[in-house]
Each structure stands twice: as C-alpha cells, then as structure tokens.
Amino acid sequence: MQDFSRLLALMAVAETGSISAAASKLGYTPPALSQQMAKLEREARVQLLVRHRRGARLTAAGELLVRRAREIEAILRATETDLVQFLEVSEEQIRIGTFTTGGIHLLPPVLAELRRRHTRIALSLQEFDHPDGLGPLGDGDIDLLLTSSYIHGRHSPVPAGLSSEVLLEEELLLVAHEGHPLTADSVPLHWTALAGFPLIIGRRGLADRETLEALFASRAMAPPVVAFETANSAMACALASSGVGVACVPRTAVEASTALISTRPFAAQPLKRVVNLLWRSSDTTPLVRKARCVFRETFARSGGAPSARPAQQATAASAY
C-alpha cells in the first residue's frame, strides 16, 4: 500500500457508509472511487468492503486498516506541526538589544548557546544606553532587550506592552588603583566613605549615576565628585587603575578586567546591579520563547541568577 490517498478514501467510506457519499466528499465520481477501493483491496490482498444496496460496510480487515490509517494520519499531522516550529526557529532571526558591558561580559555565552542549539538562526545585536532600547523593543525593531538597573536606584515600572524577567543580581565592588587608601582594608566599606573622592561613573541619566546621587541626597550630602563619565565597566576599571578616580563596578566586570586594580566590597546594604531581560508581552512566537529559555538557563549556570523569579508584567513596579 504505497498511496496514502487510498487509505484516506477508505476512511471516508467508513465515515459516510457509502461509496457515493464518500466520492462526493472527496470530489471523486463513484466509479473512480470504486476503482481506488478495488486497487486498495488488491494491495492489501484481503476484502475490505462489503457492498450492499444501501451503501457499503467495512469488513473486520477494513476496520483494522482504518484504525491504522487514523493513527498514521495523527502522526503525520503532529510531524507537520513539529516541522513548522522547527522552521520558525531555524530560518528566522532574533534581534537583541543590550547595554555595552552586558554585551561584553554577559551575552557571549548566551549567543554561543543559541548558535549551538539552532545552527541556522540569524542573530543581530544593537547597543543601547538606558532607556533608549525600550522604544525599539516596543516598536518591534528588536525582539529582546537586556538592561541593567540598581537596587538602590530609581525603580520605574515596565512600560505598557512589555514584560520583564530578572536574570542576575550581583554586588558592586569599589575599584581603585593598587595602594589606594579606600582599598587598604578588606572590611566592607559603607558607601558614604565615597564622599569627596573623585568618581568614575556614568553620565547624568544613567542608572549608576542616579543611584549614587539619590543616595548622597538622602543623607543631605554634597553631590558625588565626578572625575570621568563612562558607561563601560571595562573602561572604568582601566581608568581607576591609572589613579584618576575610583569606580563602583559590578563583580562580573571586575573579575573579567585585566587592569591592575584593587577592590573592596561595600557594607550592608551593599550596592547591587540587577540585569533584566525584556520582551513584548504579545510576542509568543516559538523563537522568542526558546531564546528566553536559553538566556535563563545560561545565566543560571553562571551561578548568579535568582531562583524561580517570575516574569513581571507591564503593571509591575520593576526597574529596567
């Protein structure tokens, strides 16, 4: 039995109870369908139908063949669905937005894992300063956005239409040149000790700058003294190593730095950075779901991801 269409015709006869009704359903003439049934019986080498004045009924062999045909049809439909999802993942692209240091220190293993699992996926990357990536994400110009915020900074709600998931929480370390007085002791340092020291920090409007300025203002202290502005943690470490200022840098970036620096942790409550993944709430395509899973699993393997942190919807008060 090499022609599945004959099995489909037999199934139609079983459902309608007659050759003529099955022929009408399938778009055949009754004689043409009778010929197809005769060919099927010759291939099966057993009688499948008993014809009578009111129509036709299946023999026991015919009923068995119809059952098997329905099982085959179900398998074919499931396979077709699986292939469609495979093509969606393997032939489409995913566009990722990120902040600079996230692209340097956090994204490479995620991108490598995406390539490993889906060899034909097309990946693209764009850099954004906060909050510049929110507009392109909402407009559909990118599919996923990696952002960072600071626990003691200004917490803003996720914009309408977007969802967010926390991937990583990590402490900030004080970074300075070797022999700097602030790093002479290993005892955790309170952030108020930064007062009066020149800082290497992001420009106005960036989360790390807003965080420290808000903390200083909460104690009625003079604003932080800014030596250099940069949003790049690797550059902040390099500048700190030269002695032109001190910086507050996430542990991930500190551990990746090759600069000659000394570090010191902050006392409780320590300053922390939160890394979030954002996507459009309406985007439920298999590709984006699989990519989000890869982000979550890769960050979890790094040991820094919070356990079982649920996604925050657009109404939740979550920093981005």
Side-chain angles (χ1 to χ4, degrees), residues 99-102 104-106 130 147-155 166-276 299-307 309 318-319:
F99 58 103
T100 300
T101 54
I104 294 172
H105 302 296
L106 301 174
H130 164 75
T147 68
S148 66
S149 58
Y150 291 80
I151 288 181
H152 297 286
R154 178 178 59 86
H155 285 234
V166 175
L167 294 177
L168 174 67
E169 292 181 3
E170 61 177 339
E171 66 175 324
L172 302 183
L173 298 177
L174 176 67
V175 175
H177 68 82
E178 292 182 323
H180 193 283
L182 283 181
T183 57
D185 197 333
S186 61
V187 175
L189 182 74
H190 196 276
W191 60 264
T192 52
L194 297 174
F197 285 92
L199 298 179
I200 303 162
I201 198 169
R203 60 173 170 79
R204 288 190 181 278
L206 294 186
D208 62 337
R209 176 77 167 264
E210 288 189 345
T211 296
L212 281 181
E213 288 181 342
L215 286 174
F216 276 50
S218 70
R219 294 290 187 92
M221 297 166 58
V225 178
V226 178
F228 288 94
E229 295 180 343
T230 179
N232 189 314
S233 295
M235 185 178 293
C237 288
L239 290 171
S241 71
S242 72
V244 297
V246 298
C248 302
V249 180
R251 178 176 289 277
T252 299
V254 172
E255 293 174 348
S257 176
T258 58
L260 297 176
I261 54 177
S262 58
T263 64
R264 187 173 179 180
F266 285 98
Q269 301 174 349
L271 302 179
K272 287 187 177 181
R273 177 176 74 167
V274 182
V275 177
N276 304 278
F299 271 77
R301 282 197 298 271
S302 72
S307 59
R309 181 67 63 93
S318 171

Within the structure provided, determine whether [X] and [Y] are in side-chain contact (heavy-atom separation under 4.5 Å).
| X | Y | answer |
| --- | --- | --- |
| Pro250 | Val275 | no |
| Val246 | Leu199 | yes |
| Pro224 | Ile201 | no |
| Asp208 | Cys248 | no |
| Arg264 | Val187 | yes |
| Ile200 | Val175 | no |

Using the test side chain to side chain donor-acceptor pair (under 3.5 Å), find all partners of [X] that sit at least two apart in sequence or belong to another chain.
| X | value |
| --- | --- |
| Arg204 | Glu213 |
| Thr252 | Glu170 |
| Glu255 | none |

Heavy atoms only: give me the nearest [X]-[Y] pair and the separation to one decimal.
| X | Y | result |
| --- | --- | --- |
| Ser148 | Ala207 | O-CB, 4.4 Å |
| Phe266 | Leu174 | CE1-N, 3.5 Å |
| Cys237 | Ala259 | O-CB, 3.9 Å |

Considering only residues two or more places apart or on different chains, which pairs with a residue in [range] satisfy ring-ring contact (aromatic ring centres under 6.0 Å, His included)?
| range | answer |
| --- | --- |
| residues 239-263 | none |
| residues 203-225 | Trp191-Phe216 |
| residues 224-260 | none |

Residues that His180 engages under ring-ring contact (aromatic ring centres under 6.0 Å, His included), provided they are two or more places apart: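 Once residues adjacent in sequence are excluded, the partners of His180 under the ring-ring contact (aromatic ring centres under 6.0 Å, His included) criterion are His177, Phe197.
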Provide the full list of salt bridge (Lys or Arg N to Asp or Glu O under 4.0 Å) pairs with a residue in residues 215-226, sequence neighbours left out, each pair given once.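 Non-adjacent pairs meeting salt bridge (Lys or Arg N to Asp or Glu O under 4.0 Å): zero.
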Could you please spell out the steps behind the side chain to side chain contact (heavy atoms under 4.5 Å, CB included) verdict for Arg273 and Thr101? CA-CA 12 Å; Arg273 177 176 74 167; Thr101 54; 3.6 Å; yes
Approximate separation, where rounding is to 0.5 Å, of [X] [atom1] and [Y] [atom2]:
| X | Y | atom1 | atom2 | result |
| --- | --- | --- | --- | --- |
| Leu239 | Ile261 | CG | CD1 | 11.5 Å |
| Leu215 | Glu210 | CG | CD | 11.5 Å |
| Thr263 | Leu172 | OG1 | CG | 12.5 Å |

Any residue meeting side-chain contact (heavy atoms from CB on, under 4.5 Å) with Ala193, in chain and number order, not counting sequence neighbours: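 Once residues adjacent in sequence are excluded, the partners of Ala193 under the side-chain contact (heavy atoms from CB on, under 4.5 Å) criterion are Leu182, Leu189.
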Apply side-chain contact (heavy atoms from CB on, under 4.5 Å) to Glu171 and list each qualifying residue two or more places apart in sequence or on a separate chain.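 In terms of side-chain contact (heavy atoms from CB on, under 4.5 Å), with neighbours along the sequence ignored, Glu171 is linked to Leu173, Arg251, Pro265.
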Pairs meeting criterion side chain to side chain donor-acceptor pair (under 3.5 Å) with involvement of residues 227-248, two or more places apart: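 Those involving residues 227-248 are Arg209-Glu229.
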Arg203 side-chain N/O to Ala231 backbone N/O, donor-acceptor pair under 3.5 Å: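 No, because the side chain of Arg203 does not come within donor-acceptor range (under 3.5 Å) of the backbone of Ala231.
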Keeping Ser257 on the side-chain end and Val254 on the backbone end, is there a donor-acceptor pair under 3.5 Å?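 The answer is no, because no donor-acceptor pair under 3.5 Å joins these two groups.
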